[in-house]
Colleague: 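After the structure tokens below, expect a handful of questions from me.
These numbers come from the heavy atoms of this one structure, side chains and all, not from hydrogens, waters or symmetry mates. Whatever order the structure lists them in is the order used to number ligands and atoms, beginning at 1. Quick caveat, the model's predicted, so the values are computed rather than measured.
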Amino acid sequence: MKKILITRKLIKDSEEKASKTFEPIFNSNDELYSQSKVVDMSSGCDGILTSLTDKMDKETINKLPDTIKIISNFAVGFGNIDLDAAKKKGIIVTNTPEVLSDATAEIGILLILGACRRAAEGIESAREGGWKWSADYLIGKQLTGTRLGILGMGRIGQKIARIAKSLGMVIHYHNRSKLSDDREDGAIYHDNIKSLFSVSDVLSICCPATKETENMINKETVEYFPKGAIITNVARGDIIEDEALIDALNRRKIYAVGLDVYKNEPNLNPGYLKVKTAFILPHLGSATKDTRIAMANLAVDNIDEFFKTGNCKNKVN
Ligand code: GLV
């Protein structure tokens with residue numbers, strides 16, 4: 001049986017599945033391992049099942065024992081892993097697409113609603129008590145008839161588009177390539193971000209974090225938006241240059257943000273804390289029991305498929 005290091009505690013059903021599939025090393029206390037601990041613990045292992053909290057950079061990958069042949073990431077995103085370094089060392093990297101699209105799209109919609117309808121301020125006022133209803137109390141932005149720009153029209157973006165359309169939003173999107181008519185479902189394609197941002201009353205960031213998308217929201221691009229636009233991010237923190245966005249929020253160029261992800265998680269840039277219209281969640285995108293089990297099971301299956309066939313359909317490098 002192949003020996004696999006599993007860096008974070010999984011939900012019981014998935015740990016049981018892992019035990020039936022290979023010889024796992026579990027992390028029963030769910031300790032956050034340092035990079036050097038991952039390297040030490042992987043001695044004698046054939047693969048590692050990592051989570052998005054494991055930073056598998058070039059240095060760490062180069063120190064892994066030669067017996068490691070697969071890094072199976074328990075996430076759809078894989079910005080935590082240096083894919084080239086892994087490839088050079090003969091390690092395949094896999095991810096868990098599809099199974100988390102619905103759960104993540106739900107959080108994407110929650111971010112849009114929360115930011116547009118001032119949920120952060122509303123929750124705080126309700127908890128404090130003493131608030132007074134008035135005709136203009138916590139007036140937010142209605143979704144009906146509002147233009148939603150989707151940056152990255154993959155599975156999560158398409159699901160957000162479908163729900164947002166049913167709420168009366170008009171969908172625009174930018175993607176590396178234009179979708180077929182049936183996938184587009186009436187959404188309007190923009191072949192560059194300037195064109196998309198300039199019609200986005202609300203933006204939903206759904207694209208992967210890559211070298212090309214890193215800091216795509218920055219000092220220059222934030223000016224492309226209509227005044228009072230709302231930016232939401234359900235993808236990865238690396239796509240936003242926080243200082244530029246916080247400055248735009250303080251100038252009211254951007255009215256509100258909805259973030260499920262941000263740079264340096266769990267440490268939020270303190271500039272956001274002073275912004276009342278910032279609706280921020282602690283990376284809950286895939287956090288439902290069914291989804292987390294499906295993701296972990298797929299991460300296990302990816303390893304199994306690789307050792308049985310020498311390849312894996314969810315290989316990303
Ligand atoms: C969650 O953020 C994931 O990438 O799976």
Colleague: Atoms of ligand 1 less than 4.0 Å from Leu52 heavy atoms?
Modeller: 1 (C), 2 (O)
Colleague: Looking at CG of Asp82 and NZ of Lys88, how far apart are the two atoms once the value is rounded to the nearest 0.5 Å?
Modeller: 7.5 Å
Colleague: Quick test of your reading of the model: are Lys17 and Asp301 salt-bridged, counting only N-O distances below 4.0 Å?
Modeller: yes
Colleague: Against heavy atoms of Arg236, which atoms of ligand 1 measure under 4.0 Å?
Modeller: 1 (C), 2 (O), 3 (C), 4 (O)
Colleague: Does any part of the side chain of Ile109, heavy atoms only, come nearer than 4.5 Å to the side chain of Leu113, both counted from C-beta?
Modeller: yes
Colleague: Under 4.0 Å between a Lys/Arg side-chain N and an Asp/Glu carboxylate O for Glu59 and Lys63?
Modeller: yes
Colleague: Are the side chain of Lys227 and the backbone N or O of Arg252 linked by a donor-acceptor pair below 3.5 Å?
Modeller: yes
Colleague: One residue to check: Leu100. Relative to ligand 1, which of side chain, backbone, both or neither has a non-hydrogen atom less than 4.0 Å away?
Modeller: side chain
Colleague: Output the list of atoms in ligand 1 that are nearer than 4.0 Å to some heavy atom of Ala75, sorted by atom number.
Modeller: 3 (C), 4 (O), 5 (O)
Colleague: Return the residue, atom name and 0.1 Å-rounded distance of the protein heavy atom closest to atom 2 (O) of ligand 1.
Modeller: His283 NE2, 2.7 Å
Colleague: Purely on distance, is any nitrogen or oxygen of Phe74 under 3.5 Å from one on ligand 1?
Modeller: no
Colleague: State plainly whether the residues Lys178 and Glu184 are in salt-bridge range, i.e. N to O under 4.0 Å.
Modeller: yes
Colleague: One residue to check: Val261. Relative to ligand 1, which of side chain, backbone, both or neither has a non-hydrogen atom less than 4.0 Å away?
Modeller: neither
Colleague: Are any of the side-chain nitrogens in Asp30 or Arg8 under 4.0 Å away from the carboxylate oxygens of its partner?
Modeller: yes
Colleague: Output the list of atoms in ligand 1 that are nearer than 4.0 Å to some heavy atom of Gly77, sorted by atom number.
Modeller: 3 (C), 4 (O)
Colleague: Show the atoms of ligand 1 that are less than 4.0 angstrom away from any heavy atom in Met295.
Modeller: 5 (O)
Colleague: Looking only at protein heavy atoms, which one is nearest to atom 5 (O) of ligand 1, and what is the separation?
Modeller: Val76 N, 2.8 Å
